[in-house]
Amino acid sequence: MEIVGLNRNKKRALFLFAGLLIFFGGLLAVGGVGVYNDSQQYITMHIHREPLYPLYLAVFRAVCGEGYLTAAMAGQGILTAVGITLLAEYLTKHFALRLWEELLLVALQLLPHLITRYVSALGIFLENSVMSEGLCIPLFTIFVYFLLRMLFEGKGRDAVFALIFAYLLSMTRGQMMTTILLWALLLGIRVLAHKRYRALLLCASAVIFVFLLRDLTVHVYNYGVTGYFMGNTYGQVNTLTNVMYACDEEDREVFEEGDLEQAFFDNFYGKAMEQRLNHVYAGDTFDERAAYLEAHHDILKFQILEAELSAYYFGLGEVDYYEQSSMSDEMAGRMIKKLLPACFGQWLYDYILLCRNGFVRSIAVVHPLINFAALFLYVLAAGLLVWQMLVKRRFQAAVVMGTALLFIAANVCATSMTIMCLSRYMIYGFSLFYIALYLLVREVCEGRLLWRSGQDETE
């Protein structure tokens, strides 16, 4: 039966959206709700977690009661379907793609959901999991939709919506604060290209405002939940983990003899060496050293750093969990400032190893053979981008690829500062990269066909 009042494009979008709803609904029916180690922290609104996802779950809990997790997972699936449809439809219209090409864009956006289930070590459907990624992935897709509209069409409305979704992303996962900076960088480039220099001040003011708003929102949320007007804790302990991993015994000399910081260092370092949680045990090759660090990061963090800091501050008496978390984070921050300059060379080496794995996991899986394939794809993508922009002066597909590469670089470098680059942290740029690569290859091939057609007509 014909759907009255809808043109062909709207009907296609509606059928696409319906198909995606069936797909994600089927995954939820088959796999059920995934509850994992981190899930309880979101459910209980833990001080370590950003506000948006716990609030998302709380709304469903208040509205739906006992079965709220199933309803929340269904909501994640619906939002994911909305994001995929919006981005696929927009790119199809902008690049004048055919139906099979739009279906290819949809398939590329579905791949991350299947990879995390069947290829990565996680083995889970993210959109069915009580994890912030289930909400963060569709929010990121919608952010990219508005970001590309901002770049291609230059409308202020799209810039505002892109910034709003960047803010929401930063409230879902701390690493996604990079989307705010990406928004500022790309908008700044566009403003400069059009010689609207006064708009740069507005762009900078907007970024400062959003970062301040984010900080205030986190503090207000934590005050409402815990009674303490404070930010999220544990970030400094995370960062200290990789710093301690890179330390040698003589690095204790950066502290004053006999002070508390040196006592913590001696305790951390001694137990880390006992359990072989130090760079000296990591092996010889890049692969061995990267794998060793990733395998031992959480052990060093949870079983030594967090355990020892918690035991000390709780031992002071009259200290609750939130005060202890804040004091532990403060101590970790002080130790980082003194230790990092002393072990910077080794820390930087380890950081590069983590980044390497992060770049691979952004578009593939880490494996000695696949690593070279990933490097080839990055070189190919960068080469095609430069060729199209500087030689052919064609910018459309290059803009999409430039956005993808900038986001991947920002996400990898930011994540590697505090933790290893697991697939679920890196998965956001996967679809965008391959969509951009397809659009670039398509543009290059079309250009060659037009050139050959012109040659034939001349002859």
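Residues take their numbers from the sequence shown, with the count starting at 1. Predicted, not measured: the structure shown is a model, and the values here were computed from it.
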Whether [X] and [Y] hold their rings parallel, tilted or perpendicular, with breakpoints at 30° and 60°:
| X | Y | answer |
| --- | --- | --- |
| F302 | Y234 | parallel |
| H113 | F24 | perpendicular |
| F165 | F146 | parallel |
| H279 | Y245 | perpendicular |

Query raised in the report: Under 6.0 Å between ring centres, would you say that holds for F430 and Y434?
Result: yes
Requested in this report: Assess the pair F60 and Y56: is the distance between their ring centroids shorter than 6.0 Å?
Outcome: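 Ring centroids of F60 and Y56 are less than 6.0 Å from each other.
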Report task. Kindly check if the number of other-residue, nucleotide or ligand heavy atoms within 6.0 Å of CZ (F209) is above 12? Result -> no
Query raised in the report: Under 6.0 Å from the CG atom of D284, do we count more than 12 heavy atoms belonging to anything else shown?
Result: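 No, because the 6.0 Å sphere around CG of D284 holds 12 heavy atoms or fewer from other groups.
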Side-chain contact, heavy-atom cut-off 4.5 Å: [X] with [Y]?
| X | Y | result |
| --- | --- | --- |
| E249 | M273 | no |
| D287 | P368 | yes |
| L439 | Q396 | no |
| E308 | K271 | yes |
| Y228 | I47 | no |
| M230 | S326 | yes |
| Q76 | F125 | no |
| T233 | Y321 | no |

Query raised in the report: Do the numbers put R49 on top of the ring of Y42, so that NZ or CZ is under 6.0 Å from the six-membered ring centre and no more than 45° off the axis?
Result: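 Judged by the rule, R49 and Y42 form a cation-pi pair.
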**Report entry** side chain to side chain contact (heavy atoms under 4.5 Å, CB included) partners for T239, two or more places apart
**Finding:** I336, T418
Going by atom type alone, with no hydrogens or angles, which donor-acceptor pairs under 3.5 Å involve a side-chain atom of residues 133-142 and a protein atom two or more places apart or on another chain?
| from | atom 1 | to | atom 2 | distance (Å) |
| --- | --- | --- | --- | --- |
| E133 | OE1 | R424 | NH1 | 3.4 |
| E133 | OE2 | R173 | NH1 | 3.2 |
| E133 | OE2 | R424 | NH1 | 3.1 |
| T141 | OG1 | I137 | O | 3.1 |

